[in-house]
Amino acid sequence: MLAGLRLRLHDVLGALWWPVDWVISSESRTGAAVATSTGALVVYFMATGGLHELLTTGIQTCPAAAAILYGLTRRLRRIRGPELAARRRRGATTR
């Protein structure tokens, strides 16, 4: 019964990975997601503290956040790589 519950849960929660798989399946989409997230952080610093906050705190935080997000996407691509490759093979026949 536990195994059946785990399989059912995997099927239900697997759909939550579709947007993440879509982003990490392409290098350009990954770069755009990292740049958008970092840009949103810059906008946040500008909106809350102005240029002074951006130049004092943001100058350290934004590049660190971009590096962490880039590393995370590379790690996710390594972890979820076989599933992405299988999806690309299936999609190649429909193109």
Side-chain angles (χ1 to χ4, degrees):
M1 185 160 156
L2 183 60
L5 181 63
R6 285 183 65 204
L7 287 173
R8 186 67 68 168
L9 189 62
H10 183 273
D11 290 342
V12 170
L13 295 178
L16 297 175
W17 280 102
W18 290 346
V20 175
D21 287 344
W22 181 78
V23 169
I24 65 174
S25 66
S26 169
E27 189 69 35
S28 63
R29 285 190 292 252
T30 301
V34 170
T36 302
S37 300
T38 307
L41 191 58
V42 168
V43 170
Y44 169 76
F45 279 125
M46 286 294 293
T48 58
L51 184 62
H52 175 48
E53 184 73 21
L54 178 65
L55 292 177
T56 56
T57 306
I59 200 86
Q60 300 162 358
T61 307
C62 293
I68 290 169
L69 287 172
Y70 183 74
L72 177 66
T73 57
R74 300 294 287 182
R75 175 114 171 107
L76 280 173
R77 187 176 290 146
R78 249 190 330 257
I79 291 171
R80 300 200 46 91
E83 292 180 13
L84 293 173
R87 184 174 295 147
R88 275 190 232 126
R89 269 186 266 122
R90 277 184 273 148
T93 58
T94 60
R95 287 184 192 182

message = Are more than 12 heavy atoms, taken from residues, nucleotides or ligands other than R29, located less than 6.0 Å from that residue's CZ atom?
response =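 Correct, the count exceeds 12.
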
Point to revise | Option passing side chain to side chain contact (heavy atoms under 4.5 Å, CB included) with V34 (candidates V23, I68, L69) | key: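 Answer after filtering V23, I68, L69: L69.
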
For the [atom1] atom of [X] and the [atom2] atom of [Y], what is their distance to the nearest 0.5 Å?
| X | Y | atom1 | atom2 | value |
| --- | --- | --- | --- | --- |
| F45 | L51 | CZ | CG | 13.0 Å |
| L13 | R6 | CG | CZ | 12.0 Å |
| T36 | L41 | OG1 | CG | 12.5 Å |
| L55 | M46 | CG | CE | 8.5 Å |

Sidechain-backbone polar pair: S25 side chain, W22 backbone, donor-acceptor under 3.5 Å:
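It does hold such a pair.
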
R80 side chain vs D21 backbone, donor-acceptor pair below 3.5 Å: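 Flag not set: sc R80 to bb D21 has no pair under 3.5 Å.
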
Residue pair [X] / [Y]: nearest heavy atoms and the distance that separates them:
| X | Y | answer |
| --- | --- | --- |
| A66 | T38 | CB-OG1, 3.4 Å |
| T61 | T57 | OG1-O, 2.9 Å |
| P63 | G58 | CD-O, 3.8 Å |

In one Ile/Leu/Val/Met/Phe/Trp/Tyr side-chain cluster, 4.5 Å: V42, Y44: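 Yes: a chain of side-chain contacts under 4.5 Å links V42 to Y44.
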
Mind checking whether I24 and W17 have side chains closer than 4.5 Å, heavy atoms only?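 Counting from C-beta outward, I24 and W17 never come under 4.5 Å.
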
